[in-house]
Amino acid sequence: MSDTHAHSVAFVRETAIPPSPAPVNAAGPIKWMRDNLFATWANALLTVAALYFLYIVLAATLPWIVGGLWTTGSLAECREILQGKSAACFSVLTERWNQLLFGFKYPDELYWRPGLAFVLLFFAAAPVLFFDMPRKFLAFTVLYPFIAYWLIWGGSILSPIVALVGFSAGYVAYSKLVTRNFAAGFFGSVVAAFVVWFIGGYIVGAVASENPMLEAVPSRDLGGFMLNLMLGVTCVSLSIPLGIALALGRQSSMPLIKWICVIFIEFIRGVPLITLLFVASVMLAYFFPPEANVDLFLRVVIMITMFSSAYIAEVIRGGLAALPKGQYEAGDSLGLDYAQSMRLIILPQALKISIPGIVNIAVGLFKDTTLVSVISMFDLVGMIRGPILASTDWNGVYWELLGFAALLFFVVCYGISQYSQWLERRLATDHR
Amino acid sequence: MSTLTDPPKESFRLSMLLNDTRYRSMTFQVIAAIVLALALFYIYTNLVANLQAAGLNISFSFLGNAAGYDINQTLIDYTSQSSNLRAAAVGILNTLLVAVLACVTATVFGVVAGVLRLSDNWLVSKLMAAYVEIFRNIPVLIWIIIIFTIMTAVMPSPRDFRGDDPASSMLLDLFAFTNRGVYVPGPFFTRGIGGADGSGFNWLIVIATLVGSFLATRRVTARANKIQEEAGQRPKTLWLNLAIWLAPVALVCFIMGLSWDIPALKGFNFQGGLKVGGPLIALWFALSIYTGAFIAENVRAGIQAVSKGQTEAAEALGIRPRRVMSLVVLPQALRVIIPPLISQYLNITKNSSLAIAVGYADITATLGGITLNQTGRAIECVLLLMLFYLVISLVISTVMNVYNNSMKLKER
């Protein structure tokens with residue numbers, strides 16, 4: 001058999017031909033370009049148009065940025081050096097960075113205090129954002145608001161301590177009484193906290209020394225990007241518990257509670273934030289007792305918190321509605337009461353579903369803090385449009401300042417949205 | 001045999017108010033009602049005391065008084081002698097104008113960017129991703145200010161157009177982009193009803209003609225659908241519809257003698273034509289590109305929500321690749337896109353209140369800004385302002401929900 005075969009074929013190759021490389025056009029960057037950039041005529045045209053657009057944008061901005069000046073004292077000096085060339089005058093940033101970040105009234109020598117508070121914010125936020133970390137780090141998160149308040153506003157250390165003691169008293173009362181029932185725990189904690197604050201208020205008033213450890217800074221001296229960050233962080237963290245309460249209230253079977261929540265949420269969502277800020281600046285003062293002097297910062301915080309809590313409530317309501325009915329029934333059949341089944345079964349799942357939505361609201365809210373410049377608070381945008389552009393040195397430096405503001409907001413907001421996407425992937429426990 | 005007995009009658013105890021589910025919700029609601037009433041009463045007494053201390057009262061009579069300030073861009077007749085109410089009406093119309101304009105352009109930007117982001121072209125899809133990320137992550141107020149700065153600080157002043165060798169020239173000799181606004185040719189009617197003053201009425205006639213054309217084309221489409229269902233062949237409606245849209249309007253315009261008023265440099269400024277102010281353009285354009293980025297994301301999500309099987313099914317049926325998008329994917333994607341689109345339109349309307357930052361005379365700037373500051377009627381003005389936005393929001397969401405319901409999958 002093999003004999004005949006061997007005779008019938010003249011040549012049999014015994015080794016495989018070494019693989020030759022793919023044709024140049026079918027591999028490597030050329031193939032990639034052919035597939036992704038020049039697949040069809042229309043695609044090729046689009047690519048050329050996009051390249052041309054990129055060229056125009058980069059040709060206009062790159063030389064302007066690269067040739068920028070960083071060390072002059074005023075715009076006039078910049079123009080003198082540039083002599084008609086088009087280039088940026090970044091010296092406004094090097095000269096006025098402190099005003100852009102901290103506002104124009106915050107005392108220079110105290111910049112380390114908000115700076116430190118900002119650094120500590122990362123340590124406080126980390127255990128909340130990355131829940132792999134040991135839970136005991138959360139203790140610092142709980143303490144952070146009081147530390148940050150004391151660092152930024154200064155004054156007597158007793159006031160944040162009294163506030164903290166009040167909260168702790170409330171927590172102790174809650175954990176003692178909640179074993180009996182939730183309502184007793186809730187009202188007991190509120191009463192305990194108020195008693196402590198009431199007594200503590202007198203003590204602080206009596207003991208407060210003339211020379212506190214940290215010099216007091218009034219709220220109206222806050223400004224710049226610090227103000228945006230403070231408003232954003234404060235209002236978002238305050239509005240999450242409020243939003244949860246509103247969402248639960250809206251789902252409640254008690255008609256009165258339900259309608260209060262519905263009217264509140266729909267009213268807030270129907271009006272622009274600007275009108276609520278108008279309320280804060282011109283109207284809210286009428287609603288407080290005449291002798292109370294509630295400063296503008298606090299009034300703005302109240303209104304923005306109300307605003308964002310309505311939006312967060314809607315997001316959480318979506319999360320609650322997305323849960324299968326069986327989860328509610330499971331809670332009931334285990335014999336858990338309302339508070340227990342919400343805390344242990346419903347909310348952990350509903351909040352997980354609503355995290356991307358909440359982060360979106362948080363980013364939107366942080367961007368909306370720039371609106372306070374309209375009611376003449378000097379946040380980052382307010383500083384740029386007010387004191388800096390109005391000064392004789394820097395009148396006309398638009399693009400450097402606006403670009404800087406845009407960059408700051410972009411970095412923060414893009415960072416948060418990337419975090420949200422990471423979190424979504426992390427939390428996706430279903431197998432897909 | 002045991003006899004059926006009633007359950008033992010429980011006597012009512014006070015603790016049942018908290019522990020018995022029959023009474024508990026009542027207890028909580030009564031407590032809530034009392035707390036709410038107390039809070040409202042507290043606010044009310046504070047308000048009364050504060051108003052008394054400031055010597056103020058709540059009254060809306062200021063709306064009838066002369067406003068005493070000028071508005072640079074108005075859609076209806078307005079002078080500084082007009083009432084505050086008239087100023088508010090000017091503001092309302094300006095708000096609606098910029099909201100409608102921005103909604104239209106934002107939808108265009110959003111749909112184009114959203115579709116291009118899914119393009120096979122790597123460079124284009126990355127460029128669109130960059131557009132979306134950059135515009136979404138920077139506050140709209142900053143965009144408004146940036147575009148307003150372009151309109152005021154970069155655009156040439158009218159005197160640059162002067163001379164034999166001017167620094168700037170008009171686009172096509174029809175449009176002038178200056179730092180005082182953009183001048184475009186303005187249409188007017190030479191033989192209109194009611195002379196030159198009755199231009200508003202003439203425009204109503206044009207609009208009525210367009211509405212008539214719209215109704216007629218709907219009839220044509222309905223008839224085409226009917227024929228298609230009965231005979232299987234769809235009659236060509238494109239040319240007929242185009243004719244119905246264009247011919248009556250053209251005829252009306254010809255009869256009333258439509259002509260264009262082209263802006264020209266006279267003295268220190270351009271005269272004639274329509275002036276579109278810088279603030280309006282800044283607000284319009286900024287709202288459009290900012291919201292367009294959000295709409296692009298909605299459009300992308302909507303298209304991706306249509307399962308790949310639909311595209312493959314369409315290809316298997318032999319539908320040409322170009323028509324797969326328009327006939328199969330987009331109609332299904334639209335159902336996913338419309339609800340978020342509604343909330344983006346609401347956002348545009350609410351964000352148009354940022355007009356106050358660039359001095360565009362919308363309702364926030366007139367009623368909530370100058371009128372409030374001049375009359376000192378803070379509470380009344382802010383309440384009216386909120387009422388207006390609430391009504392607008394309700395109207396938009398109602399209209400769009402009706403549209404959404406008509407587009408929704410009809411499950412039988």
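Every chain is numbered from 1, with letters handed out A, B, ... down the list of sequences.
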If one checks every heavy atom of A:F38 against chain B at 4.5 Å, the contacting part turns out to be neither
Between the CD atom in A:E314 and the OG atom in B:S343, the distance rounded to the nearest 0.5 Å is 11.5 Å
message = If you define the side chain from C-beta out and look only at heavy atoms, does anything of B:L141 sit under 4.5 Å from A:K367?
response = no
| said: If you define the side chain from C-beta out and look only at heavy atoms, does anything of B:N46 sit under 4.5 Å from A:Y286? | reply: no
Side-chain heavy-atom pair B:V124, A:T47 within 4.5 angstrom cut-off: no
Heaviest contributor of heavy-atom pairs below 4.5 Å to chain A, chosen from B:L36, B:L127, B:V48, is B:L127
Whatever's closer than 4.5 Å to a heavy atom in chain B on A:A49 counts as neither
### Contact check, side chains of B:Y42 and A:P289, non-hydrogen atoms, under 4.5 Å
yes
Distance col, row A:W259:CH2 vs B:Q29:CD, nearest 0.5 angstrom, shows 13.0 Å
The interface call for A:F410 against chain B, heavy-atom contacts under 4.5 Å, is both
Counting heavy-atom pairs under 4.5 Å with chain A, the top scorer among B:S353, B:S397, B:S119 is B:S353
Counting heavy-atom pairs under 4.5 angstrom with chain B, the leader among A:I257, A:L371, A:L276, A:V363 is A:L371
* Asked: Any donor-acceptor pair under 3.5 Å linking the side chain of A:R385 with the backbone of B:A357?
  -> yes
Under 4.5 Å to a heavy atom of chain B? For A:S373 that would be side chain
So CG of A:L277 and CD1 of B:I356: to nearest 0.5 Å the spacing works out to 10.5 Å
pair B:K350-A:I274: side-chain heavy atoms closer than 4.5 Å: no
Item to check | Any A:F278 side-chain heavy atom under 4.5 Å of B:L385 side chain | outcome: yes
So, the part of A:L54 with a heavy atom under 4.5 Å from chain B: the answer is side chain
Bottom line for B:I396: the part with an atom under 4.5 Å from chain A's heavy atoms is neither
- Query: Going by heavy atoms in the side chains, are B:W122 and A:W32 under 4.5 Å from each other?
  - Reply: yes
CG (B:N50) and CZ (A:F287) are apart, to the nearest 0.5 Å, by 9.5 Å
When A:L380, A:T370, A:N228 are each screened for side chain to side chain contact (heavy atoms under 4.5 Å, CB included) with B:P139, the one that passes is A:T370
